[in-house]
Amino acid sequence: MSVARLKQAAKESVSGLPREFWWLWTSTLVNRLGGFVATFLAMYLTADRGYSAMFAGLVGALHGLGGAVSAVVAGVLTDRLGRRPTLLVSQVSTAVTVAVLGFVQDPVAIAVVTCLVGMTSNASRPAVQAMIADIVRPEDRVRAFALNYWAINLGFAVSAAAAGLIASHGYLTLFLGDAGMTLLCAVIVFAKVPESRPERGDAAAGDGGGDGAVAAPDPEVGLGSVLRDRRFMAVVGLSYLVATLIQQAFVALPVAMGAEGLSSTDYGIAIATNGALIVAVQIPVTRFLEHRDPAPLLMASALLTGGGFGLTAFAGSVGMYTVAVTVWTLGEIINSPTQMGLVARLSPTHARGRYQGMYSLSWSLASLTAPLVGGAVMDRFGADALWASSAVVGVVAAGGYAALGRAMRSRPAADGSGGEVSASGVGVGDGAGAEVGAGPEGEIGAGGGVRAGVGEGSGG
């Protein structure tokens, strides 16, 4: 074993994950403990400020528009400037914009600043996900993404329950608390998380190549190459469908509960079930999921997610809303680590930022379109029509995952570390990495929270 590998082994914890990962995990947890604004923005605009569901949907869409722009730009910057600088700039600018949002009063100003919040907060996502792929061994990545997603939801469960109570005494405290916790997150990254961007020629060592191996020169991968990676873009498209469903929990769901006469505290209790359930079962479920065929898992996740939102049509009390949240949360628990691990293996070493940025774009576009569609459907046809169509979207996404699974089994491809990929998504082999050029259909592999997922900076 080389000296470099001995040093790396010394840094790893009992769990097999490196120390740098745990500091990044801690920063994620701190960020989500203060992630109040995105969760309660729709209720703040409708219940506190008196705006319509359509305006709340428009503002939520602008938040998604900002995130869509930054997902691609931040992905490129993550590869060019580095993971750490991109992450720090995102966190500091998020703290500033969230604090400003708490003070603006004019509706146009609210819309503009919300767009900036979406842009700054989402810029951290490609950097965090690329950094995890950099510092964690391929065989441990699904578990690492699940742990990061677990931290996101532990913070979310606490912050959602607390924010519902805090909001009853004034929303400004939520905005300032979010800004303060995001700054603390930046301090942790600055003090404890080193840069992880691989140098050219490090692909083999970084992804499990043999000791002393000389890596082949890495091809230059641009955004065009990512877009031509058809299997990867299929994953992005299906992720978008599932994300449009989950985004309804943060715009359409609180508006619907408010229309039923339920309070911000009631919504906080219902939505906190999402985070609490993920905290309770994500880790044991991931142990069951991490070496299994991803396609059936992703199909089941889409059906549960769509079905859970479909059940919302029958809810009329906090208890029934909580049941519906429980069902779609089970789909989210299955989807997130499976899909993020898949994306990490699809991503060539020196294009991880771009690939993660494009994956993040699916969530950002969902944040853009879901509030517009949800608000418009609720205003014109009622909430029940929205929940019924959500169930249909879940079925469509499940069909897409089934087709993707057939393609994966019929034509195995090389993962980002150069190995063949089995049905379970576990790479084997010792190649130095597959090229991504003008015409490949992409590489396939084995999960933000969701998380991040639903890991949304200051607010998926």
Side-chain angles (χ1 to χ4, degrees), residues 35-61 63 110 156-157 159-171 174 244-278 304-332 366-367 369-394 454 459-460:
F36 307 131
V37 170
T39 306
F40 279 82
L41 182 60
M43 185 164 279
Y44 163 70
L45 293 173
T46 55
D48 187 72
R49 301 301 301 274
Y51 293 113
S52 67
M54 180 65 78
F55 180 77
L58 174 62
V59 171
H63 186 279
I110 290 173
F156 175 73
S159 66
L165 298 174
I166 296 171
S168 64
H169 300 287
Y171 278 90
L174 296 183
T244 58
L245 299 178
I246 295 176
Q247 287 298 319
Q248 301 301 337
F250 305 104
V251 179
L253 182 60
V255 172
M257 292 184 70
E260 293 277 350
L262 300 171
S263 68
S264 60
T265 301
D266 295 327
Y267 171 65
I269 292 170
I271 200 63
T273 304
N274 170 259
L277 187 60
I278 291 172
L304 285 168
T305 304
F309 280 98
L311 283 176
T312 308
F314 303 98
S317 64
V318 176
M320 285 303 300
Y321 277 110
T322 300
V323 170
V325 170
T326 298
V327 174
W328 62 256
T329 297
L330 293 174
E332 186 182 352
S367 298
T369 57
L372 288 175
V373 173
V377 170
M378 290 178 71
D379 281 347
R380 295 182 183 180
F381 305 106
D384 288 351
L386 176 63
W387 307 133
S389 61
S390 296
V392 173
V393 170
V454 188

Original post:
Looking at CZ of Phe309 and CD of Gln247, how far apart are the two atoms once the value is rounded to the nearest 0.5 Å?
Top reply: 9.0 Å
Original post:
Taking C-beta and beyond as the side chain, do Val59 and Tyr51 meet within less than 4.5 Å on heavy atoms?
Top reply: no
Subject >> Minimal non-hydrogen separation, Leu262 against Tyr321, with atom names >> reply: CD1-CE1, 3.8 Å
Subject >> CG-CG distance between Leu304 and Leu311, expressed to the nearest 0.5 angstrom >> reply: 10.0 Å
Subject >> Heavy-atom closest contact (Leu386 atom, Ala252 atom, distance) >> reply: CD2-CB, 3.4 Å
**OP:** Among Ile271, Asp266, Asn274, Thr273, find the one that has a side chain to side chain contact (heavy atoms under 4.5 Å, CB included) with Thr322.
**Re:** Thr273
Subject >> Heavy-atom check, side chain of Leu41 versus side chain of Tyr44, under 4.5 Å >> reply: yes
Subject >> Atom of Phe55, atom of Leu45 and distance for their closest heavy-atom approach >> reply: CE2-CD2, 4.3 Å
Subject >> Closest contact, heavy atoms only, Trp387 versus Ala256 >> reply: CZ2-CB, 4.1 Å
Original post:
Given side chains that start at C-beta, do those of Leu253 and Met257 come closer than 4.5 Å, heavy atoms only?
Top reply: yes
Original post:
Checking Gln248 side chain against Ala370 main chain: does a donor-acceptor pair fall under 3.5 Å?
Top reply: yes
**OP:** Return the minimal non-hydrogen interatomic distance between Gly308 and Ala324, and the atom names on each side.
**Re:** O-CB, 3.5 Å
**OP:** State, to 0.1 Å, how close Met320 and Phe314 come at their nearest heavy-atom pair, and which atoms those are.
**Re:** CE-O, 4.3 Å
Subject >> Spacing of Leu245 atom CG and Ser389 atom OG [to the nearest 0.5 Å] >> reply: 8.5 Å
